[in-house]
Amino acid sequence: MKRTMRIMTAVFLMLCFVATIAVFVVGENAPIRIGVFIPGRLGDSPPYDSMTDAVEKFALRNDSVELVRIFEAGFDQALWPEMLLTFAASGNYDVIYTSNEALGPLCVEVLNQVPDVKFIVNDAYVVGNDRLFTTFFNNTQEAYLFGYMMGLISISNMDNVTIDRTVGLVYGQHYVMMDDMIIPGMEAGAQAVDPAFHLVTAMLGNWYDAAKAEQLANSMADQGVDVFGTIAGSGNAGVLSSAVNKGLYVLWYDSDGYDKAPGTVVCSIIKDNGAATTKNLENLVDGTLAWGEPEILGAEEGYIYVSLRDARYINSLPEDVRTQFEEMYHKVVSGELEIIVPQDVLDRIDAAAHQ
Ligand code: RBF
């Protein structure tokens with residue numbers, strides 16, 4: 001009898017031990033392993049930098065995720081499909097976080113080949129894949145606010161502005177969001193100040209050549225451009241130096257750029273990639289991320305904004321410019337002036353992932 005009891009106790013203890021190990025190894029407490037795939041380089045690309053910062057911070061304060069690796073794929077886009085496939089197929093990640101419109105279709109291709117991985121992609125829009133979540137921002141709205149501020153500065157009494165109704169944008173490459181949202185949105189914003197405004201654009205052809213970007217900005221200045229936008233990754237530095245040398249102005253797209261060139265960068269229109277990334281990770285951990293159902297975030301939801309109380313903004317711009325801008329800004333934030341993402345644009349971005 002005593003012996004039977006001892007055997008039963010031993011078996012019971014062993015079962016407890018095995019169960020504990022099992023919970024520890026494969027149980028609910030195993031952290032979600034995250035990989036970050038940067039289609040480009042970190043350091044000068046606002047959407048990638050803010051996304052990565054947010055993932056890093058989230059992983060630091062949250063035991064339920066583990067940031068395994070941040071991989072910079074570099075600027076040769078021909079290599080991205082193979083790099084993304086290898087990254088995903090390594091088996092090291094449960095969820096891969098990445099960004100930009102071109103990555104939506106690339107992730108779908110990888111999902112068809114690698115069964116156990118999921119993707120979250122900022123700045124992309126793909127409907128209906130239950131292992132893919134995309135967050136899209138209302139860039140038409142952001143660009144409209146940007147263009148409106150460009151126009152106001154260009155007709156202001158600030159130093160060195162020209163009489164031409166001309167503002168300029170240097171951008172990295174063609175893609176749907178650039179061609180059908182950012183460029184037309186920016187021009188519409190400037191034309192809301194004065195219909196005579198014209199947005200001069202120049203494509204850099206890559207996301208890194210600052211010397212070429214400077215030349216492009218210089219020749220724009222020769223055409224009467226006095227306010228620049230620059231959406232060119234590491235190329236942005238070239239636009240900045242052109243504007244600094246000529247005493248002209250730059251508005252910063254997506255992130256806080258005032259300190260890059262005080263007095264030259266006179267306004268930053270923020271797109272809060274970091275907040276969106278944090279929210280997505282919270283939903284991932286809670287199990288509430290709406291896989292397959294893209295979301296669109298804009299100024300009404302607080303994801304596109306200008307810090308109106310920032311001393312660097314206040315000190316960089318005359319009061320009348322700020323007053324006029326803020327009137328328009330409040331209309332956009334409150335939804336009184338509705339600037340929506342055209343459905344045909346969304347459909348085209350989505351369609352690229354379903355070919
Ligand atoms: N934006 C950057 O700031 N740096 C980049 O290296 C960069 N590479 C891009 C590559 C492709 C193929 C595409 C479609 C977009 C890229 N963007 C890049 C643009 C980015 O996704 C976003 O549209 C802009 O930064 C405006 O928010």
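Everything numeric here is computed off the predicted structure, so don't read it as measured data.
- E142 and N138 share no side-chain donor-acceptor pair at under 3.5 Å.
- To the nearest 0.5 angstrom, L337 atom CG is 13.5 Å from H330 atom NE2.
- Clustering ILVMFWY residues whenever any of their side-chain heavy atoms sit less than 4.5 angstrom apart, transitively, puts V68 in the very cluster that holds L85.
- Here R131 contributes atom CZ and L111 contributes atom CG; the two are 4.5 Å apart, rounded to the nearest 0.5 Å.
- Using bins of under 30°, 30° to 60° and over 60° for the plane-to-plane angle, the ring pair Y125/F136 lands in the perpendicular bin.
- Distance CD/E326 to CE/M149: 7.5 Å, rounded to 0.5 Å.
- Remark: the backbone N or O of A299 is paired with a side-chain donor or acceptor of Q141 at under 3.5 angstrom.
- Hydrophobic clustering of Ile, Leu, Val, Met, Phe, Trp and Tyr side chains at less than 4.5 Å, counting indirect connections, keeps L106 apart from V176.
- Counting only heavy atoms from C-beta outward, the side chains of K246 and N160 never approach each other to under 4.5 Å.
- Hydrophobic clustering of Ile, Leu, Val, Met, Phe, Trp and Tyr side chains at less than 4.5 Å, counting indirect connections, keeps M51 apart from F137.
- Distance CD1/I270 to OH/Y303: 15.0 Å, rounded to 0.5 Å.
- The environment of CD in Q343 is crowded: more than 12 heavy-atom neighbours from other residues, nucleotides or ligands sit within 6.0 Å.
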Fill in: ring pair (Phe, Tyr, Trp, His ring centres under 6.0 Å) assessment of Y97 paired with F37
CA-CA 6 Å; Y97 214 121; F37 184 91; over 10 Å; no
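- With no hydrogens or angles considered, a side-chain donor-acceptor pair links N139 and Y253 at under 3.5 Å.
- Within a 6.0 Å radius of CD1 in I314, more than 12 heavy atoms belonging to other residues, nucleotides or ligands are found.
- Tracing side-chain contacts under 4.5 Å through hydrophobic residues (I, L, V, M, F, W, Y), one never reaches F228 starting from V244; they form parts of separate clusters.
- Under the 3.5 Å distance criterion, the side-chain polar atoms of D209 are matched with a main-chain donor or acceptor of K212.
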N/O donor to acceptor pairs below 3.5 angstrom from side-chain atoms of residues 70-83, sequence neighbours left out:
{"unit_1": "E72", "atom_1": "OE1", "unit_2": "L42", "atom_2": "N", "d": "2.7"}
{"unit_1": "D76", "atom_1": "OD1", "unit_2": "A78", "atom_2": "N", "d": "3.1"}
{"unit_1": "Q77", "atom_1": "NE2", "unit_2": "Q173", "atom_2": "OE1", "d": "2.6"}
{"unit_1": "W80", "atom_1": "NE1", "unit_2": "G74", "atom_2": "O", "d": "2.9"}

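- For the 3.5 Å distance criterion, the side chains of D44 and Y208 fail to qualify, holding no donor opposite an acceptor.
- The line from OG of S45 to CH2 of W207 is 8.0 Å long, rounded to the nearest 0.5 Å.
- Ion pairing of R322 with E327 is absent here, as no side-chain N (NZ or NE/NH1/NH2) approaches a carboxylate O to less than 4.0 Å.
- Judged by distance alone, the side chain of Y48 and the main-chain N or O of G40 form no donor-acceptor pair under 3.5 Å.
- For E214 and S242, the side-chain atoms include no donor-acceptor pair closer than 3.5 Å.
- Under a 3.5 Å cut-off, the side chain of N245 and the backbone N or O of S241 do form a donor-acceptor pair.
- The pair D259-R312 meets the salt-bridge criterion, with a side-chain N (NZ, NE, NH1 or NH2) lying under 4.0 Å from an Asp/Glu carboxylate O.
- Note: F133 and F119 fail the aromatic proximity criterion, with ring centroids not under 6.0 Å apart.
- With salt bridges taken as basic N to acidic carboxylate O contacts below 4.0 Å, none links D94 and K118.
- Inspection of the S99 and N122 side chains reveals no N or O donor paired with an N or O acceptor under 3.5 Å.
- Other residues, nucleotides and ligands contribute more than 12 heavy atoms inside 6.0 Å of the CG atom of D222.
- Remark: N62 CG to L281 CG distance equals 8.5 Å, nearest 0.5 Å.
- When hydrophobic clusters are built by joining Ile, Leu, Val, Met, Phe, Trp and Tyr residues whose side-chain heavy atoms come closer than 4.5 Å, directly or via intermediates, V110 is not grouped with I34.
- Judged as a salt bridge (charged side-chain N to carboxylate O under 4.0 Å, His left out), not a single pair has a partner in residues 47-66 (not counting sequence neighbours).
- A 4.5 Å side-chain heavy-atom check between I32 and L284 finds at least one atom pair inside the cut-off.
- Relative ring orientation between Y148 and Y144 is described as parallel, the plane-to-plane angle staying below 30° on a 0-90° scale split at 30° and 60°.
- Within a 6.0 Å radius of CD1 in I163, other residues, nucleotides and ligands contribute 12 heavy atoms or fewer.
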